[in-house]
Amino acid sequence: KNEVEQSPQNLTAQEGEFITINCSYSVGISALHWLQQHPGGGIVSLFMLSSGKKKHGRLIATINIQEKHSSLHITASHPRDSAVYICAVTNTGNQFYFGTGTSLTVIP
Amino acid sequence: DTAVSQTPKYLVTQMGNDKSIKCEQNLGHDTMYWYKQDSKKFLKIMFSYNNKELIINETVPNRFSPKSPDKAHLNLHINSLELGDSAVYFCASSQDNSGANVLTFGAGSRLTVL
């Protein structure tokens, strides 16, 4: 069983829809990362959080440390949001654990 | 000015060959990483170096040997390449090795072993 589980694995949405991607983890962490990988292959760090909530433009990330759960929300989704979203956690020993990713397709 | 740069971007080679992938970061970060992304797009950490010292060495065949001449460079040398080594290899860096810093990734190096 993977230390980091993401759901859903695949997601198709209509442009404008509100999107939620979930991440659950089973290890103690110092931080949780949300990464975005576009079809071209490059990986970009969207958020790093250890508590609470962060917002950047139309993206919102939340984390509940007690429940070991994080969500990534996209408001007013757009076709350019189509990408693979990867959840990763790090512990105090800087060990990394990655989720298998959520492939998002936003249809115009 | 690219923050984390990897070369080459693409590498096609025959089984049994030895090849290297280079990585450089100009962010002044202390910690650098190598990740492997397989055909199923699953990312897995291979190595982590902090200030030129090996911090993380996951279960990776000893045909893979990282080298960090200084904290701005982390190169990956692979001996006796096998078909299963075909993957995209990502270099990344972070401010330190506390695990609580943003990661900056390179663009990836796609290795194809024939």
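These numbers were taken from a predicted model, which means no experiment stands behind them.
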Q.
I'd like to know if the side chain of A/K54 and the backbone of A/M48 have a donor-acceptor N/O pair within less than 3.5 Å.
A. yes
Q. Okay, side chain of B/Q6, backbone of B/K9: is any donor-acceptor separation there less than 3.5 Å?
A. no
Q: Please check if the distance between the ring centroids of A/F18 and A/H73 is under 6.0 Å.
A: yes
Q: Name the region of B/T31, side chain, backbone, both or neither, that has any atom closer than 4.5 Å to a heavy atom of chain A.
A: side chain
Q.
Using heavy-atom distances under 4.5 Å, tell me whether B/V102 contacts chain A through its side chain, its backbone, both, or neither.
A. both
Q) Around B/K71, counting heavy atoms of other residues, nucleotides and ligands shown, do more than 12 lie under 6.0 Å from its NZ? A) yes
**Q.** The single option from B/Y33, B/Y89, B/Y35, B/W34 passing ring-ring contact (aromatic ring centres under 6.0 Å, His included) against B/F105
**A.** B/Y35
Q.
Using a 4.5 angstrom heavy-atom cutoff, name the option from A/V89, A/I43, A/L35, A/L32 with the most pairs to chain B.
A. A/I43
Q: Against chain B, label A/T100 side chain, backbone, both or neither, depending on which of its atoms sit under 4.5 Å from a heavy atom there.
A: both
Q.
Is A/Q37 in contact with chain B via its backbone, its side chain, both, or neither, using a 4.5 Å heavy-atom distance?
A. side chain
Q) For the candidates B/I45, B/N97, B/T104, which exhibits the highest count of non-hydrogen atom pairs separated by less than 4.5 Å from chain A? A) B/N97
